[in-house]
There are 2 protein chains.
Amino acid sequence: MGNEMNSIPDIIISRLPVYYQHLKRLQDSTKEYISSEELANLTGFSSSLIRKDLSYFGTFGRKSYGYDVFCLFQQLSIIMGFNYKKKIIIIGAGHLGQALAYNKGYRERGYQLVSIFDKNPKLIGLVINDIEIQSINNLEEFMENNKVSAAALTVPGGAAQKITDRLVAAGIKAIWDFTEVPLQVPDDVLLEEQLINEGLCKLSVKMNQFRINNSEAAEDLNCEQK
Amino acid sequence: MGNEMNSIPDIIISRLPVYYQHLKRLQDSTKEYISSEELANLTGFSSSLIRKDLSYFGTFGRKSYGYDVFCLFQQLSIIMGFNYKKKIIIIGAGHLGQALAYNKGYRERGYQLVSIFDKNPKLIGLVINDIEIQSINNLEEFMENNKVSAAALTVPGGAAQKITDRLVAAGIKAIWDFTEVPLQVPDDVLLEEQLINEGLCKLSVKMNQFRINNSEAAEDLNCEQK
DNA sequence: TAGAGTATGTTATTTTTTTAACAATATCAC
DNA sequence: GTGATATTGTTAAAAAAATAACATACTCTA
């Protein structure tokens, strides 16, 4: 039964949101059961891999039927801890911070957006999706009065480490970082770097590869050395 | 010399943006050379892995010195194809689309944002970061007159596939998809799924793991079956 | 110019991850 | 019920990825 102790391999964790996404969509369909083979077609992972991933957490399938769509979705929610309620705040109410405030993904994953902070006086008081932006000066007091689990960090790069230190001092346990600045945090604070432009990079690499493969252009990848 | 032909392993591609990010920051420092060991400290990858990744593309280092910070950055830019100019458009001028329009990451990666499209008449004509939002009705005409390489897709899920089909028909070659809806595209169109909430999921899983490991709570991960 | 020190690029080894294979079990048609 | 079919969970094998090890080559000091 899988989790003897300790940590789920990162590679499995990275696939869980994909399973979740597809199963969520299937909730709206009339489909009651889904086989690993069908799930493979949807996700692009092999059926074998999917069965193995799921078996890491338990025995959810039904022989000759497949997986109960609703049950598996519930299980995934539990595995990912979505049944636990977590309060989240946004630090930095710029364009990205505001867009994140409208994110509908929080609730279903067990997060509740409880506040948005910024230092710009022009933004303070503004209400975004029912949440009032408040002064970053209130951060410590707010965190003392509210059990905040996580913070989305959307401040300018220059302010990132300083704010992070304040968050850590105030007892944050998880940071979702959009700043693209390498942050230092203690070992017991979870840090998730959201490289917002990663997708752009990957597309560019692949377009480039395509160009190279298809045009047989001499590769001038060697920089003048020394 | 690495790339005999064909495709860079995805696992290497996924690390390139991280190397890029750190080397970009190092440009601002006075550091002239960096060793794989130092880069390992910055990125969290092992020095051995870093040397191996880089050697996949060529020979960039200098024995007993390390890597020339500027040169390596340039090389990575070339490897990722940032030296090629690519026109990008945004489809969907909601909160996320607008936030993306302010993204400063395009230019340095060789992308130029050339237009934003939406179907909402209230948004059409609005200028975001010097780009005027235009009607989605103009999409095909615009693409005919402009060599657009990539599209960021930030429309509501319901419209995603339909718009994708139009983009494909109009000759798009790369889609950066924020809709969290599984899209069908032909084999020759690159699709990069940007699961915006992936970070939230990962944080939740890990917080959950921590809870389980530290509270020795009986794991009730078994759903009632059938 | 010799010798100590350093850090690469690459080869060898280990570990992790994926795929393939299949026995076990449940379903369904008859 | 019986046999044909389907699909799991798991074990075995293969492939991929990461780490460790090290020979090589460059630098610097004296």
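Chain identifiers are assigned alphabetically (A, B, ...) following the order of the sequence lines, protein sequences preceding nucleic acid strands; residue numbering begins at 1 within each chain.
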Q. Which residue pairs pass the salt bridge (charged side-chain N to carboxylate O under 4.0 Å, His left out) test with at least one member in residues 178-190 of chain B, sequence neighbours excluded?
A.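 Found A:Arg109-B:Glu180, B:Lys173-B:Asp188.
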
Just the rounded figure in Å: distance from [atom2] of [N] to [atom1] of [X].
X	N	atom1	atom2	value
B:Ile8	D:dA16	CD1	P	16 Å
B:Tyr67	D:dA25	OH	C1'	14 Å
A:Leu54	C:dT18	CG	P	14 Å
B:Asp68	C:dT8	CG	C1'	15 Å
A:Ile50	C:dT19	CD1	C1'	13 Å
A:Ile13	C:dT16	CD1	P	15 Å
B:Leu49	C:dT15	CG	P	17 Å
A:Ile12	C:dT19	CD1	C1'	15 Å

**Q.** Sequence neighbours excluded - ring pair (Phe, Tyr, Trp, His ring centres under 6.0 Å) pairs with any residue from residues 152-183 of chain A
**A.**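 Checked against ring pair (Phe, Tyr, Trp, His ring centres under 6.0 Å) - neighbours excluded - the pairs reaching residues 152-183 of chain A are A:Trp176-A:Phe178.
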
Q. Is there any ring pair (Phe, Tyr, Trp, His ring centres under 6.0 Å) pair reaching into residues 154-175 of chain B, and which pairs are they, with sequence neighbours excluded?
A.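 Listed once each, the pairs would be none.
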
Q | Touch class at under 4.0 angstrom, heavy-atom based, for B:Phe45 against every strand present | A |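 B:Phe45: no heavy atom of the nucleic acid under 4.0 Å.
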
Q: Check every strand shown and say whether B:Ser47 touches a base, only sugar-phosphate, or nothing at a heavy-atom separation below 4.0 Å.
A: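 Here B:Ser47 touches no strand at all.
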
Q) Without hydrogens or angle criteria, can the side chains of B:Glu37 and B:Asn41 be said to hold a donor-acceptor pair below 3.5 Å? A)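 On atom types as modelled, these side chains do not qualify, holding no pair under 3.5 Å.
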
Q.
When you compare the side chains of B:Ser35 and B:Glu38, does any donor N or O come within less than 3.5 Å of an acceptor on the partner?
A.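 Yes, a side-chain donor-acceptor pair sits under 3.5 Å.
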
Q.
For B:Asn129, give me all partners under side chain to side chain contact (heavy atoms under 4.5 Å, CB included), at least two apart in sequence or on another chain.
A.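 Counting only residues at least two positions away or on another chain, B:Asn129 forms a side chain to side chain contact (heavy atoms under 4.5 Å, CB included) with B:Tyr102.
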
Q: List the steps and the verdict of ring-ring contact (aromatic ring centres under 6.0 Å, His included) for B:Phe60 and B:Tyr67.
A: CA-CA 7 Å; B:Phe60 307 127; B:Tyr67 300 90; 7.7 Å; no

Q: Go through B:Gln75 and B:Phe57 one step at a time and tell me if the side-chain contact (heavy atoms from CB on, under 4.5 Å) criterion holds.
A: CA-CA 9 Å; B:Gln75 288 295 344; B:Phe57 300 101; over 6 Å; no

Q) In residues 18-31 of chain A, what residues come within less than 4.0 Å of DNA chain C, judged by heavy atoms? A)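 Result for residues 18-31 of chain A: none.
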
Q) Within the structure, does a side-chain N or O atom of A:Tyr56 lie under 4.0 Å from either OP1 or OP2 of C:dT16? A)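 No, no such contact exists.
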
Q) Taking only N and O in the side chain of A:Ser36, is any of them less than 4.0 Å away from OP1 or OP2 of D:dT8? A)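 Indeed, a polar side-chain atom of A:Ser36 lies that close.
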
Interface polar pairs with nucleotides 20-26 of chain C, N/O, under 3.5 angstrom:
residue : atom : partner : partner atom : Å
C:dA20  : N7   : A:Ser48 : OG           : 3.0
C:dA20  : N6   : A:Ser48 : OG           : 3.4
C:dA21  : N6   : A:Arg51 : NH2          : 3.3

Q) Is the distance between the ring centroids of A:Tyr19 and A:Phe73 less than 6.0 Å? A)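 Ring-ring flag for A:Tyr19/A:Phe73: false, centres at least 6.0 Å apart.
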
